[in-house]
Amino acid sequence: MITIPYITALTTYFSYGLLFAFGQLRDFFRKIFDWWSKSSLQGYAPICLGLEDFYVRRLYLRIQDCFNRPISSSPDAWFDLVERISNDNNKTLKRTTKVKRCLNLGSYNYLGFAAADEYCTPRAIETLKNFAPSSCSTRVDGGTTTLHVELEKCVANFLGKEAAIVFGMGYATNSAILPVLMGKGRLIISDSLNHNSIVNGARGSGATIRVFQHNTPSHLEKVLREQIAEGQPRTHRPWKKIMVVVEGIYSMEGELCQLPEIAYVYLDEAHSIGAVGKTGRGVCELLGVDTADVDIMMGTFTKSFGSCGGYIAGSKELIQYLKYTCPAHLYATSISPPAAEQIISSIKVVNGEDGSSRGAQKLAKIRENSNFFRSELQKMGFEVLGDNDSPVMPIMLYNPAKIPAFSRECLKRNVAVVTVAFPATPLLLARARICISAAHSREDLVKALEVMSEVGDMVGIKYFPAEPEKQQLEGDRVKLE
Amino acid sequence: MAILYVRAAPTTDLNRNTEWFTYPGVWSTYILILFFSWLMVLSVFACSPGMAWTVVHLSHFFVTYQFFHWKKGTPFAEDQGIYNRLTWWEQIDSGQQLTRNRKFLTVVPIVLYLIASHTTDYQHPMLFFNTVAVFVLVVAKFPHMHKVRIFGINADQ
């Protein structure tokens with residue numbers, strides 16, 4: 001539940017209305033202009049419908065410099081941001097040779113494996129020399145190396161499941177698996193805020209899709225009862241299979257799903273694996289759910305393990321079935337060997353099998369960092385979403401003008417944040433999404449808090465009253481005495 | 001002064017073009033925009049209040065007809081064009097008829113018409129134009145007119 005001041009809602013709608021009106025006006029004059037001047041592209045069909053990219057042309061391009069910023073170093077806690085300039089009001093951006101060292105609050109670098117690591121990187125380089133950068137083949141043809149077999153065993157052990165299957169790309173994992181598992185005559189019930197990969201996979205499967213309100217198990221139960229009672233549309237025969245798809249941590253909300261209350265479950269742990277839970281095993285561990293209760297666990301290696309690719313873990317029969325049918329296994333190139341080695345090494349570090357306690361330290365650090373940062377932001381009066389222990393914290397901005405203001409002002413003070421607006425989030429609920437990492441030190445976080453407090457006052461996003469500091473109260477008491 | 005907070009419950013509407021209409025504050029914004037545009041017309045044209053209401057009513061007719069009932073599809077490409085044959089009115093509330101939002105949007109032009117006619121003392125020619133406008137708008141919002149294209153106007157190829 002997001003609590004928004006009423007006046008802010010009104011002004012946000014009004015601002016979007018104004019932006020929309022100006023966009024339409026400019027389109028209108030552009031149409032007259034183009035009709036007047038003869039186009040050199042006679043006989044060519046347009047690439048896209050004019051109205052389809054209205055949002056991109058008239059709203060997104062205005063603040064284009066806040067998105068897609070190029071970096072020239074690895075995305076560690078601090079990175080080098082390349083500065084860009086625009087000569088035509090943000091319609092095109094040109095890279096300069098100037099580079100700025102900024103604090104990175106946007107990478108999904110939860111355990112700090114994004115930069116060179118003392119255990120993982122030498123092993124990955126060794127693998128790069130022994131195997132090649134790419135396996136150059138699909139899993140079934142010649143792309144299964146000893147590394148792939150070891151990786152699948154490693155992932156299955158880490159999650160406490162019987163078997164696992166690994167793919168080269170996280171997005172492709174979802175969009176290639178769902179069509180295989182579900183088809184016509186089956187029902188997918190998915191959370192309304194599920195990631196685009198799940199939506200694409202569900203649409204591609206041909207199954208009927210029903211959506212339930214985000215994180216509301218009572219609504220899920222209502223939808224389930226309705227659907228089971230009604231059966232398939234038009235024929236009313238019972239459904240052949242029903243699957244509920246939820247995510248571990250929602251990337252835009254930072255909330256954990258209410259797993260214990262949901263029962264045939266497909267859990268997408270892209271953001272939560274490695275980052276939450278006492279030993280990094282994801283939301284199941286955090287919420288005390290036995291992994292045997294979750295039927296299919298999906299995750300990616302891009303966030304916490306510093307690599308690329310995705311996995312599915314489940315029972316032996318399920319994985320065997322997927323190996324025969326899944327197109328991402330049969331036709332797509334297998335995961336790159338150095339990337340696989342990076343995952344194996346980082347899982348070993350998290351488990352403590354590399355002989356040091358760095359894994360446990362990292363996990364404790366990220367939990368400590370997240371809780372500290374979130375509580376400080378809330379004390380300052382920001383509206384921060386997300387549950388405790390979640391390393392993803394969106395700060396609500398709401399007004400469209402505050403999005404570029406917040407982003408640019410933070411950048412001037414060497415803090416790089418990611419801002420998200422419509423259509424990735426609902427129209428009213430634009431936000432800045434902070435991702436905390438185990439690589440951030442306490443000084444980094446304190447600096448980030450100072451910058452955000454200053455920028456927050458300037459931009460006006462402290463929607464809640466700030467809590468008074470304890471020292472002031474004690475000072476008053478001393479004066480009274 | 002205490003700040004009034006409202007809670008925004010998450011919706012199940014997947015269509016990003018219309019789900020903004022389910023959040024709190026939209027109705028009030030709509031009414032406030034109409035009221036302020038009346039004030040602006042009064043200050044720019046220095047006409048009588050009745051003429052100002054007629055101007056507001058007619059421009060409201062043109063704007064809402066264009067954006068609710070004429071333009072089809074969504075202003076972004078992420079949904080891959082599944083709504084390209086539907087106008088905004090046909091898209092809201094996932095095509096369900098007679099919801100609260102639809103009833104509100106049907107009542108607004110009628111109330112505007114009543115205000116405009118009353119403040120101009122039901123004189124012609126304003127009354128004629130106002131009546132035509134409200135007639136077209138209300139008929140366009142009937143449940144029976146869902147996905148109907150009269151004489152093929154605004155239909156696809």
Side-chain angles (χ1 to χ4, degrees), chain A residues 1-18 20-21 23-24 48-60 190-194 196 199-200 203 209-216 219 223 250 253 383 396 398 422-429 463-465, chain B residues 1-37 40 59-60 62-64 66-68 70-88 92 94 154 156-157:
Chain A
M1 279 285 180
I2 300 178
T3 322
I4 170 174
Y6 199 57
I7 305 285
T8 311
L10 297 182
T11 52
T12 311
Y13 288 125
F14 179 70
S15 312
Y16 273 110
L18 204 61
F20 185 76
Q24 293 288 337
C48 54
L49 302 174
L51 67 96
E52 224 176 40
D53 59 347
F54 172 78
Y55 178 78
V56 170
R57 274 181 298 114
R58 296 302 175 198
L59 273 80
Y60 177 81
S190 102
D191 192 292
S192 64
L193 291 177
N194 269 341
N196 190 264
V199 172
N200 259 333
R203 281 198 191 141
I209 308 172
R210 287 280 174 270
V211 168
F212 70 94
Q213 254 179 22
H214 175 64
N215 256 355
T216 319
H219 191 243
V223 170
Y250 289 89
E253 310 287 315
E383 180 167 1
M396 300 309 295
Y398 302 122
F422 185 75
T425 62
L427 185 77
L428 196 57
L429 310 172
Y463 294 112
F464 289 154
Chain B
M1 193 185 91
I3 307 177
L4 176 68
Y5 289 101
V6 281
R7 296 194 151 255
T11 57
T12 52
D13 191 355
L14 288 178
N15 183 0
R16 290 279 186 213
N17 191 22
T18 59
E19 57 124 39
W20 59 272
F21 211 74
T22 59
Y23 281 91
V26 195
W27 292 10
S28 314
T29 312
Y30 191 12
I31 296 176
L32 283 175
I33 290 181
L34 287 174
F35 179 67
F36 280 117
S37 53
M40 279 224 314
S59 39
H60 172 259
F62 285 122
V63 167
T64 51
Q66 159 78 347
F67 291 119
F68 289 2
W70 189 263
K71 267 206 132 72
K72 295 193 282 202
T74 52
F76 34 79
E78 276 86 19
D79 55 10
Q80 296 174 352
I82 39 181
Y83 302 110
N84 272 0
R85 286 170 181 264
L86 298 177
T87 63
W88 192 85
I92 55 171
S94 321
N154 204 16
D156 314 300
Q157 291 84 346

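Every chain is numbered from 1, with letters handed out A, B, ... down the list of sequences.
The nearest pair of heavy atoms linking A:T3 to A:Y398 is O-OH, 3.3 Å.
Residue contact with chain B, scored on non-hydrogen atoms closer than 4.5 Å, is absent for A:Y16. Only the backbone of A:T425 comes within less than 4.5 Å of a heavy atom of chain B; no side-chain atom from C-beta onward does. B:K71 touches chain A through its side chain: at least one heavy atom from C-beta onward sits under 4.5 Å away, while N, CA, C and O do not. Of the atoms belonging to A:R57, not a single heavy atom falls under 4.5 Å from chain B. Looking at A:L429, only its side chain comes within 4.5 Å of chain B, counting heavy atoms on both sides. Within the 4.5 angstrom heavy-atom criterion, no atom of A:A21 approaches chain B. A:L428 touches chain B through its side chain: at least one heavy atom from C-beta onward sits under 4.5 Å away, while N, CA, C and O do not.
Aromatic ring centres of B:F76 and A:Y60: separated by at least 6.0 Å. In this structure, A:Y13 has its ring center no closer than 6.0 Å to that of B:Y30. Here A:F464 and B:Y5 bring their ring centres to under 6.0 angstrom of each other.
No side-chain N or O of B:Y83 forms a donor-acceptor pair with one of B:T18 less than 3.5 Å apart.
Rounding to the nearest 0.5 Å places OG1 of B:T74 at 12.0 Å from CZ of B:R16. To the nearest 0.5 Å, atoms CH2 (B:W20) and OG1 (B:T22) are separated by 10.0 Å.
Interface check for chain A: of the options B:V26, B:N17, B:N84, the most heavy-atom pairs under 4.5 Å are formed by B:V26. Contacts with chain B were tallied for A:I2, A:L427, A:V211; A:I2 has the most, counting heavy-atom pairs under 4.5 Å.
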